Amino acid sequence: SQQGEEDPQALSIQEGENATMNCSYKTSINNLQWYRQNSGRGLVHLILIRSNEREKHSGRLRVTLDTSKKSSSLLITASRAADTASYFCARTYSGSARQLTFGSGTQLTVLP
Amino acid sequence: DGGITQSPKYLFRKEGQNVTLSCEQNLNHDAMYWYRQDPGQGLRLIYYSQIVNDFQKGDIAEGYSVSREKKESFPLTVTSAQKNPTAFYLCASSKSANTGTSGGAYEQFFGPGTRLTVL
């Protein structure tokens with residue numbers, strides 16, 4: 001299976017703290033994308049990082065990619081209650097550019 | 001106002017019935033996708049289409065069927081052969097299902113989802 005792991009499954013923090021979520025995978029990727037899903041809604045794309053990139057930023061979001069460890073992390077700085085959502089990483093694997101493979105996600109709760 | 005829409009938002013099905021979920025996009029995207037999401041889980045690919053009149057099975061296509069007669073539309077039929085259809089169904093679209101210059105899949109734009117419940 002090309003399914004990876006995301007951890008933690010659930011994360012609860014106070015507003016203003018940073019939140020870090022991790023994603024690991026098993027085989028070589030072309031790129032990795034992070035998505036956000038509010039409860040009962042569709043997914044929203046956050047960041048795409050290519051296999052030859054190591055770090056990308058977008059506002060309060062920072063994504064890193066370590067291809068040697070086959071892992072990525074999403075950091076949300078200065079979290080807000082509105083950041084409460086599920087966060088998914090999705091991989092495009094080498095030789096299988098047709099689709100994204102999603103992990104099971106991290107449920108983030110930011111307490112006011 | 002560009003986007004991707006799904007209808008209905010909630011759908012109830014009796015056992016033995018076929019039901020069709022609608023997905024429409026006005027983003028001029030070539031590729032469209034259907035995913036299934038079960039509680040607390042990630043998304044699993046049911047079917048995808050790279051171009052009009054063409055579609056491919058995903059990881060869990062059994063019990064489902066699709067058509068792609070128009071670029072804008074990619075309806076999903078949940079047939080009576082799908083034994084456990086209660087789930088949240090998400091439709092998505094992207095520029096292409098092929099490798100982009102970014103190396104790998106383009107970002108996908110998602111609809112708001114349809115929650116299907118079998119009575």
Side-chain angles (χ1 to χ4, degrees), chain A residues 1-10 21 23-25 27-53 56 58 63 65 67 72 85-107, chain B residues 3-7 9-10 23 25 27 29-51 54-61 87-115:
Chain A
S1 165
Q2 292 179 327
Q3 291 288 334
E5 298 287 336
E6 282 158 284
D7 79 275
Q9 287 188 317
M21 289 157 271
C23 169
S24 62
Y25 54 91
T27 55
S28 296
I29 60 169
N30 281 330
N31 70 41
L32 186 145
Q33 304 179 31
W34 284 91
Y35 287 81
R36 165 198 170 119
Q37 183 182 33
N38 284 61
S39 181
R41 311 289 287 273
L43 277 70
V44 175
H45 182 264
L46 297 176
I47 288 184
L48 180 153
I49 187 165
R50 302 180 184 90
S51 59
N52 61 355
E53 297 176 315
K56 287 190 84 168
S58 177
V63 168
L65 180 64
T67 53
S72 174
S86 292
Y87 292 83
F88 295 91
C89 74
R91 288 84 66 187
T92 305
Y93 290 100
S94 301
S96 180
R98 67 177 177 91
Q99 64 177 282
L100 298 175
T101 300
F102 286 83
S104 55
T106 294
Q107 171 61 52
Chain B
I4 180 164
T5 58
Q6 291 183 241
S7 64
K9 187 172 181 179
Y10 299 98
C23 178
Q25 54 98 2
L27 300 168
H29 284 167
D30 288 319
M32 297 187 74
Y33 310 81
W34 273 106
Y35 294 93
R36 169 183 172 135
Q37 186 178 32
D38 292 284
Q41 302 296 313
L43 278 64
R44 292 185 289 168
L45 183 66
I46 304 173
Y47 269 98
Y48 72 103
S49 168
Q50 298 185 9
I51 198 167
D54 178 71
F55 48 83
Q56 307 293 330
K57 292 182 179 180
D59 300 318
I60 55 165
F88 189 49
Y89 291 87
L90 287 159
C91 179
S93 69
S94 68
K95 284 183 187 178
S96 171
N98 296 318
T99 305
T101 55
S102 65
Y106 289 103
E107 68 174 282
Q108 293 184 11
F109 293 78
F110 283 81
T114 292
R115 188 166 300 280

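Since the structure is predicted, the reported quantities are computational estimates derived from the model, not experimental observations. Quick note on labels: first sequence line is chain A, next is B, and so on, each numbered from 1.
The shortest non-hydrogen separation linking F88(A) to Q37(A) is CE1-OE1, 3.4 Å.
Residue contact with chain A, scored on non-hydrogen atoms closer than 4.5 Å, involves the side chain of Q37(B) exclusively. Neither the backbone nor the side chain of Q107(A) has a heavy atom closer than 4.5 Å to any heavy atom of chain B. At a 4.5 Å heavy-atom cutoff, the contact between Y35(B) and chain A is made by side-chain atoms alone.
By the 30° and 60° cut-offs, the orientation of the rings of F102(A) relative to Y35(A) is tilted. Note on ring orientation: taking the six-membered ring where Trp is involved, the planes of F109(B) and H29(B) are tilted (angle from 30° to 60°).
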>> Run the side-chain hydrogen bond (donor to acceptor under 3.5 Å, both in side chains) test on S72(A) and Y25(A) for me, step by step, so that the C-alpha distance in whole Å, both residues' side-chain angles and the decisive distance to 0.1 Å come before the verdict.
In response: CA-CA 9 Å; S72(A) 174; Y25(A) 54 91; over 6 Å; no
